[in-house]
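Letters A, B, ... mirror the listed sequences (proteins, then strands); counts begin at 1.
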Number of protein chains: 2
Amino acid sequence: MPKDTFFNLPDEKKQRVIDAAIDEFAERSYHDARVTAIADQAGIAKGSFYQYFEDKEDLFRYIIDMIAEKKLAYIDQDLLENIEAHTFFEVLRELYASGIRFAQEDPRLMAIGMQLASNQALYYGISIDYMEQSYEFFRALLEKGMDAGELDPAIDINIASRLLTMVGYSSLELIFEDGKLDQDDMAIVDDIIYIMKNGLKSKAER
Amino acid sequence: MPKDTFFNLPDEKKQRVIDAAIDEFAERSYHDARVTAIADQAGIAKGSFYQYFEDKEDLFRYIIDMIAEKKLAYIDQDLLENIEAHTFFEVLRELYASGIRFAQEDPRLMAIGMQLASNQALYYGISIDYMEQSYEFFRALLEKGMDAGELDPAIDINIASRLLTMVGYSSLELIFEDGKLDQDDMAIVDDIIYIMKNGLKSKAER
DNA sequence: GGGCCATATGAATATCCGGTCATATGAATC
DNA sequence: GATTCATATGACCGGATATTCATATGGCCC
């Protein structure tokens, strides 16, 4: 947790520090990110940094928590509250779509999130929780879909929940491959959903 | 390329260096991996390290190439040579299965491979076209499967090839979460193949 | 003005690491 | 035993970085 000194800062200055940190962590891994660069870009003295945060990790965790919170906010709240009124695949589509909206809004946050998601080994304690949360969410969603008869009962829910988490991240990687985002992105999501829904097998062979 | 001095080493000593390197690169990212730690663990002087390799990157590439080669060897060669005689899903199953056999044999090699595959951004300057190769392979496989009428023609081959690559890696991550899943590893592969083949949708709704 | 307190500062410190180099070793050859 | 050559060694250098600390600043209350 950042120190009181940080929270007491004028909003504008606080924001400068947060912005500088996001820039640095988006460009470099946690270990390679430099406190000096963050302080410089924020226009504060290096010493001040340590008046605000215990250490580098303190800031990193703060930023990660902020990203997680922000990402959650991109999911259509109305849909989340009336989840019963939607089909499994509608909800899945909205989840993947919200990931894309989030990435479009601030690619830096996505870059940080992807690092965390894809390289857990490097961030032992820090990332596991968020992954776990995602599994839990998908598990609940899959169970509901199964109860409603929407899903094939032969599916293993544990495996499917992990698969859907990974596929969600894959979609973001796919979309970011060319470096730019455009309206075709939703088409990619729909292609992915199509595969997850119907499988690869030709209809003739079913 | 390592220097001649390295290749002239007695096998036992060579192996000690390789083992130490694998341990270090499995635990830390390329940038965080320490030449000193590798030399120490291998029981050689730091100076000797530079008699064997140009620099850290030289050793890293050597290890990566070794892993790629080893991984390829885990794929059933007979199946690869007679690929025409097998269905798409048979080949897919064997590919995923070989990944698992490889990971079981030496988890350290998998850890290094996963790092590379999932986060090339961390290795600025060291571009390794590992992933691209996998896409290409899956693309060719998908095209063949589509020509044979095994696959749904509505599938986007580019997207599917990336998805299959990612899902392959997901399966490895899945089997590494021991204790959470009470099935044996090949059963996990079969569950994943089932989903990729048939999709999540219930048969009643098709 | 003077005392108090939170905050700001950046030079200094401590640590770590990749890579170099002068020197040592030891085996083979004559 | 002298010479040569490949190999081994670890102290050392240069650079980078996180963190500390003594000092300075500036607002606030009396």
Side-chain angles (χ1 to χ4, degrees), chain A residues 1-64 115 122-126, chain B residues 1-64 115 122-126:
Chain A
M1 272 277 282
K3 300 178 181 176
D4 285 342
T5 323
F6 177 69
F7 292 114
N8 292 340
L9 248 35
D11 283 349
E12 190 271 335
K13 192 169 186 178
K14 222 182 321 187
Q15 200 52 49
R16 264 183 6 237
V17 175
I18 290 172
D19 255 357
I22 289 174
D23 275 349
E24 184 72 2
F25 286 128
E27 260 174 45
R28 296 166 170 256
S29 73
Y30 169 70
H31 286 290
D32 282 351
R34 299 151 304 176
V35 169
T36 308
I38 294 170
D40 284 355
Q41 199 193 310
I44 61 169
K46 213 161 27 155
S48 298
F49 180 92
Y50 289 91
Q51 303 274 32
Y52 305 154
F53 306 98
E54 299 293 342
D55 51 26
K56 189 164 81 165
E57 185 177 331
D58 188 30
L59 166 63
F60 189 65
R61 285 181 185 273
Y62 176 70
I63 297 289
I64 294 295
Q115 265 189 51
L122 287 183
Y123 305 98
Y124 318 90
I126 302 181
Chain B
M1 272 278 284
K3 299 177 182 176
D4 285 342
T5 321
F6 177 68
F7 292 114
N8 293 340
L9 248 34
D11 283 350
E12 190 270 336
K13 192 169 187 176
K14 222 182 321 187
Q15 200 51 51
R16 265 187 1 241
V17 174
I18 291 172
D19 255 357
I22 290 174
D23 275 349
E24 183 71 3
F25 287 128
E27 259 174 46
R28 296 166 171 257
S29 74
Y30 169 71
H31 282 291
D32 284 350
R34 300 151 304 176
V35 170
T36 308
I38 294 170
D40 283 355
Q41 200 194 310
I44 61 170
K46 201 156 51 151
S48 299
F49 180 94
Y50 290 92
Q51 304 273 31
Y52 305 154
F53 306 98
E54 299 293 342
D55 49 27
K56 187 164 83 163
E57 183 178 332
D58 188 29
L59 167 63
F60 187 65
R61 284 183 187 276
Y62 176 68
I63 296 289
I64 293 297
Q115 269 188 50
L122 279 183
Y123 304 94
Y124 355 133
I126 306 184

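- Look at CZ on A/Phe7: it is 18 Å from P on C/dA6, rounded to the nearest Å.
- Partners of A/Asp11 by salt bridge (charged side-chain N to carboxylate O under 4.0 Å, His left out), not counting sequence neighbours, listed by chain and number: A/Lys14.
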Quick one: which protein N/O atoms are closer than 3.5 Å to N/O atoms of nucleotides 3-7 of chain D? Pair and distance per line, please.
residue: D/dT7; atom: OP1; partner: B/Asn8; partner atom: ND2; Å: 3.0
residue: D/dT7; atom: OP2; partner: B/Thr5; partner atom: OG1; Å: 3.4

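- Qualifying side-chain contact (heavy atoms from CB on, under 4.5 Å) partners for B/Ala39, counting only residues two or more places apart in sequence or in other chains: B/Ile44.
- The terminal axes of the helix from C/dG1-D/dC30 to C/dC30-D/dG1, fitted over 5 pairs per end, subtend an angle of 20° to the nearest 10°.
- With sequence neighbours excluded, the residues forming a salt bridge (charged side-chain N to carboxylate O under 4.0 Å, His left out) with A/Asp19 are A/Arg108, listed by chain and number.
- By the side-chain contact (heavy atoms from CB on, under 4.5 Å) test, B/Ala37 pairs with B/Glu24, B/Arg34, sequence neighbours left out.
- With sequence neighbours left out, B/Phe53 forms a ring pair (Phe, Tyr, Trp, His ring centres under 6.0 Å) with B/Phe6, B/Phe49.
- Residues forming a ring pair (Phe, Tyr, Trp, His ring centres under 6.0 Å) with A/Tyr50 (at least two apart in sequence, or on another chain): none.
- With A/Lys13 contributing its side chain and A/Gly43 its backbone, the two residues share no donor-acceptor pair below 3.5 Å.
- A/Asp55 is linked by a side-chain contact (heavy atoms from CB on, under 4.5 Å) to A/Glu57, A/Asp58, counting only residues two or more places apart in sequence or in another chain.
- Distance CG/B/Leu59 to CD1/B/Ile64: 10.0 Å, rounded to 0.5 Å.
- Every side-chain hydrogen bond (donor to acceptor under 3.5 Å, both in side chains) that A/Gln41 has, sequence neighbours left out, goes to A/Asp23.
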Given protein heavy atoms under 4.0 Å, the one-letter contact record of nucleotides 14-19 of chain C, with B base, S sugar-phosphate only and - none, is simply ---SBB
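- To the nearest angstrom, P of D/dA18 lies 15 Å from CG of A/Asp58.
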